[in-house]
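Have a look at the structure below, then the notes.
Just so you know, these numbers come straight off a predicted model, no measurement behind them. If you read the sequence from its start, that first residue is 1, and numbering goes on from there.
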Amino acid sequence: MNKRIAVIVTGLAFLLLTVGIAGAQQVLLPGASIPKFVDQLPVAGQISVVDAAATPGYNIYMREFQAQILPSTGVPLAGIPANTPSWVWGYLTDADNEALNSNPNLIRPSYLGPVVLATRGIAANPRYWNQLPLTGSMVQANMPIDMTIDWANPQGINCAPDALGNYTNPLCGPPNSYTGPMPAAVHIHGGEVAPAYDGGPDAWETPSEPGGLSGQYKGIGFPGNTFTYPNGQQEATIWFHDHALGLTRLNVYAGLAGLYPIVDPANSPVGMPAFPQHDIPLIIQDRSFDTTGQIFYNLASNPQPNPTVHPFWIPEFIGDAIVVNGKTWPNLNVEPRQYRFRFVNGSNARFYDLSMNKGLKFIVIATDGGYLQKAVLTPNVIFGPGERYEAIVDFSKLKVGTKVVMFNAARTPFPGGAMPTVNGTDTIMQFTVVANTSGLPNTAIAAGTALRAVGNPIQPIINGFTPPAIPPAAPSGNIVRQLTLNEVIGAGGPLELVVNNSKYNLAGLLPGAPTPLGRETELPAVGDTEIWEIINITADAHPMHTHLVTFQILDRTPFQAANWINQYDAALLAKGVLPGYGPPNAYNARNADGAIGGNPAINAFLQLSKRRLPLPYEMGWKDTAIMYPGEVTRIVVRWAPQDAPVTGLGAPTAGTNLYPFNPTALYGGVGYVWHCHIVDHEDNEMMRSYTVMLERQPIE
């Protein structure tokens with residue numbers, strides 16, 4: 001870990017009756033003891049499907065239930081009774097909810113879902129109901145809720161240190177001590193929606209009382225239970241998951257995630273495999289289990305670096321079992337034909353570098369925000385938490401009975417951590433070729449297949465930027481931001497991670513308090529296009545995610561990190577800026593590169609001879625992208641729909657709103673956020689709010 005910024009933690013006396021044995025209530029079931037390829041992958045039908053075009057006012061219930069995650073071998077597993085289910089949380093449809101009410105002991109085949117199929121141009125109005133248990137939760141009892149970080153804290157429990165830096169409230173120390181109502185917030189990841197319905201960290205609500213319609217406690221951004229999704233964007237695989245402040249890592253780990261593909265019949269490429277038979281989502285996650293078969297957020301997977309400060313937060317959760325669509329190491333029977341797989345990295349912190357044996361490769365057709373211009377052939381796909389890729393895999397040349405394995409080669413933490421375990425986390429799932437029984441014709445997608453209509457291309461949204469011939473300098477006339485990714489180090493290691501050296505709720509960095517909450521520093525104008533240059537001075541890669549907008553990756557360039565960091569640290573020291581309390585210089589003042597953000601200029605330190613263009617399969621619309629350590633990742637962001645023209649009639653400019661909603665209309669003072677999608681980082685400060693404005697941010 002990067003120990004560049006040091007916080008000396010002294011004199012902390014934390015009342016920890018069981019610290020260091022926070023997992024003593026649970027004992028790890030080694031992932032290596034779990035049999036592989038026993039159960040079939042849960043697919044549509046086992047995972048519920050909602051047609052949002054036919055039923056735009058659908059209900060989603062957050063419930064606790066049991067799911068068969070571990071293999072149903074019919075025999076005991078490492079001392080666990082045969083076919084033991086796991087207690088989880090999940091999103092249920094009306095039919096799912098009624099079935100659970102009729103049979104509280106119902107065991108579902110997966111905790112994930114539903115798959116909500118939306119149609120472009122047909123708005124949806126889902127109603128979200130937090131019906132997690134108010135008491136007696138089997139899941140919450142095992143959650144290491146850390147009340148010393150910035151979290152929703154519905155009951156206002158004071159876990160701040162006293163004047164001497166000592167924690168004195170015993171409620172903050174013992175593991176699993178929080179037994180109050182559990183906040184949840186539903187974020188539509190990749191959705192172009194108004195601030196009120198984005199479902200960010202401040203939009204949480206606690207469970208409703210029996211017979212009630214809403215919870216007792218609500219975040220400042222909670223708009224009520226009915227949301228509005230215009231579905232005006234291009235066809236893409238987006239998803240929804242929990243985003244409650246300081247609890248995302250735990251709520252998502254418990255199971256709160258589902259898929260939300262938007263289809264656009266007028267612009268869909270022809271000849272694609274049909275849903276659901278041959279178009280299959282693959283949500284990949286890592287998990288750990290205890291010796292009773294329950295999910296286990298194992299703090300020992302990446303031991304707490306500062307247990308006297310944050311006793312139950314770890315920098316990255318590292319599971320030792322791979323789960324796909326809610327099933328450990330499943331098998332999928334496939335016909336000898338092409339399949340479309342919608343890959344979603346739903347892990348807390350684990351990156352994946354996917355490949356297949358038997359000579360199979362991926363034909364990537366889409367990124368987070370929709371189709372590529374043309375299909376791209378690649379032997380592997382690397383993606384971080386929150387990212388999505390869609391790929392064609394062709395099994396047509398394989399004989400019936402052939403077994404194919406999908407592997408993972410990504411290190412954890414990525415990219416310089418430990419290799420995945422052999423015959424463990426290096427293995428994702430198996431495919432078994434079976435006879436063709438569907439009777440559906442095969443498809444013929446190949447590398448180079450055109451995926452976008454002539455009138456709907458991916459346009460470079462900066463004039464003069466025509467990938468791959470991207471000039472090294474940003475064009476004049478656009479706001480350029482240079483922003484850092486920082487790691488704040490305590491006595492034992494990472495204390496928290498921050499964006500631009502600024503905590504999530506840090507306010508007062510801009511003069512005149514231009515936003516109601518005063519905490520926002522990124523104030524883009526609706527319709528405007530900006531260049532963001534993200535300077536990663538941590539030791540690891542971060543998948544950075546922007547709410548509301550998709551963007552295009554321009555390039556990644558290594559820089560002389562030690563030299564620039566020395567200058568940066570000297571500026572922090574000279575200005576008396578502490579770790580987590582803002583950049584060294586005035587945010588709105590241009591630096592020598594003409595960039596705002598409050599940081600020293602970076603261009604003179606760039607190693608331009610080592611500059612890399614995005615990978616061919618990254619050359620589409622993204623809402624989450626990997627920012628590698630020791631590099632500057634440049635993205636171009638436009639606060640307008642993807643298919644708005646770049647030039648000429650109808651091209652947006654600063655102050656022009658082409659969305660079918662008003663992105664400047666705040667709710668409770670809350671707009672959007674951008675953050676690291678390693679949710680363990682996001683939960684501990686690596687997130688900043690931003691507000692879309694009617695005009696450009698003033699620059700000094």
Side-chain angles (χ1 to χ4, degrees), residues 43-45 47-61 90-96 112-129 185-199 203 223 225-243 256-269 272-276 279-283 325 340-344 346 365-371 386 388-390 451-452 456 547-550 620-621 623-624 641-643 658-661 663:
V43 295
I47 297 175
S48 297
V49 178
V50 174
D51 184 347
T55 313
Y58 60 91
N59 291 299
I60 295 291
Y61 306 88
Y91 297 123
L92 300 186
T93 65
D94 278 327
D96 298 333
L112 291 171
V115 175
V116 178
L117 289 177
T119 300
R120 188 179 190 185
I122 302 177
N125 301 104
R127 294 179 291 267
Y128 294 110
W129 308 103
V186 184
H187 168 52
I188 184 74
H189 181 131
E192 294 181 359
V193 299
Y197 308 118
D198 179 62
N225 297 96
T226 302
F227 284 43
T228 297
Y229 299 157
N231 296 327
Q233 64 204 82
Q234 295 187 357
E235 183 167 321
T237 297
I238 67 176
W239 61 311
F240 57 102
H241 60 77
D242 188 82
H243 211 308
L256 292 174
L259 210 62
Y260 195 95
I262 298 176
V263 298
D264 181 3
N267 292 293
S268 295
M272 284 290 167
F275 179 87
D279 177 348
I280 298 175
L282 297 178
I283 302 177
N325 289 6
R340 175 180 184 168
F341 295 123
R342 300 174 186 255
F343 293 105
V344 179
I365 60 172
T367 58
D368 308 328
Y371 291 108
R388 287 94 62 213
Y389 287 102
E390 299 180 44
L451 300 169
R452 286 180 170 267
N456 186 35
H547 287 214
L548 172 64
V549 286
T550 52
W621 291 102
D623 61 51
T624 310
Q642 295 169 349
D643 48 6
L658 297 183
Y659 291 112
F661 55 88

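Counting only distance, with no hydrogens or angles, the side chain of Asn325 and the backbone of Pro281 share a donor-acceptor pair below 3.5 Å. A donor-acceptor pair under 3.5 Å is absent between the side-chain atoms of Gln234 and the main chain of Pro641, judged by distance alone. Checked by atom type and distance alone, the side chain of Gln642 pairs as donor or acceptor with a backbone atom of Gly369 at under 3.5 Å. The main-chain N or O of Asn231 is never found under 3.5 Å from a side-chain atom of Arg120 such that the two would form a donor-acceptor pair. In this structure a side-chain-to-backbone donor-acceptor pair under 3.5 Å is present from Thr93 to Asp96.
In this structure the side chain of Pro230 reaches within 4.5 angstrom of the side chain of Val193, judged on heavy atoms. Looking only at side-chain heavy atoms (C-beta outward), Ile365 and Met272 come within less than 4.5 Å of each other. Using a 4.5 Å heavy-atom threshold, the side chains of Pro114 and Val49 count as separate. With a 4.5 Å cut-off on side-chain heavy atoms, Phe343 and Arg388 do not count as touching.
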Q: Show your working on side chain to side chain contact (heavy atoms under 4.5 Å, CB included) between Tyr58 and Val116 and close with a plain yes or no.
A: CA-CA 10 Å; Tyr58 60 91; Val116 178; 3.6 Å; yes

Q: Starting from the C-alpha separation in whole Å, work towards a yes-or-no answer on side chain to side chain contact (heavy atoms under 4.5 Å, CB included) for Asp94 and Tyr61.
A: CA-CA 8 Å; Asp94 278 327; Tyr61 306 88; 2.6 Å; yes

Q: Go through the steps for Trp129 and Asn225 under the test side chain to side chain contact (heavy atoms under 4.5 Å, CB included), then give the verdict.
A: CA-CA 7 Å; Trp129 308 103; Asn225 297 96; 3.5 Å; yes

Q | Candidate pair Tyr128 and Phe227, rule ring pair (Phe, Tyr, Trp, His ring centres under 6.0 Å), full reasoning | A | CA-CA 8 Å; Tyr128 294 110; Phe227 284 43; 5.2 Å; yes

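Side chains of Arg127 and Asn59: a donor on one and an acceptor on the other come within 3.5 Å. Side-chain atoms of Asp623 and Thr550 form no donor-acceptor pair, as typed in the model, at a separation below 3.5 Å. Residues Asn125 and Thr228 have side chains that bring a donor and an acceptor to within less than 3.5 angstrom of each other.
Of all heavy-atom pairs between Ala236 and Gly370, the closest is CB-N, 3.7 Å. Counting all heavy atoms, side chain and backbone alike, Ala44 lies closest to Pro276 at CB-CB, 3.7 Å. Closest approach of Gly199 and Ala185 over heavy atoms only: O-CB, 4.4 Å. Contact between Leu548 and Glu192 at its shortest, heavy atoms only, is O-CG, 3.6 Å. Between Trp239 and Gly258, the closest heavy-atom pair is CB-O, 3.1 Å. Closest heavy-atom contact between Pro56 and Ala53: CD-O, 3.9 Å.
Residues meeting the ring-ring contact (aromatic ring centres under 6.0 Å, His included) test with Tyr659, sequence neighbours left out: Phe661. Under the rule for a salt bridge (Lys or Arg N to Asp or Glu O under 4.0 Å), the partners of Glu390 that lie at least two apart in sequence or sit in another chain are Arg340, Arg342. For Tyr371, the ring-ring contact (aromatic ring centres under 6.0 Å, His included) criterion is met by no residue, not counting sequence neighbours.
Note that CD1 of Ile262 and OG1 of Thr119 are 9.5 Å apart. Values are rounded to the nearest 0.5 Å. Here the straight-line distance linking atom CG of Leu256 with atom CZ of Phe240 works out to 9.5 Å at 0.5 Å rounding. The distance from atom CG of Leu451 to atom OG of Ser268, rounded to the nearest 0.5 Å, is 11.0 Å. Here the straight-line distance linking atom OH of Tyr91 with atom CG of Asp242 works out to 5.0 Å at 0.5 Å rounding. The structure places OH of Tyr260 at 13.0 Å from OG1 of Thr237, a figure rounded to the nearest 0.5 Å. Remark: Ile60 CD1 to Ser48 OG distance equals 8.5 Å, nearest 0.5 Å.
A side chain to side chain donor-acceptor pair (under 3.5 Å) with His243 is found for one member of His547, His189, His187 and no other, namely His547.
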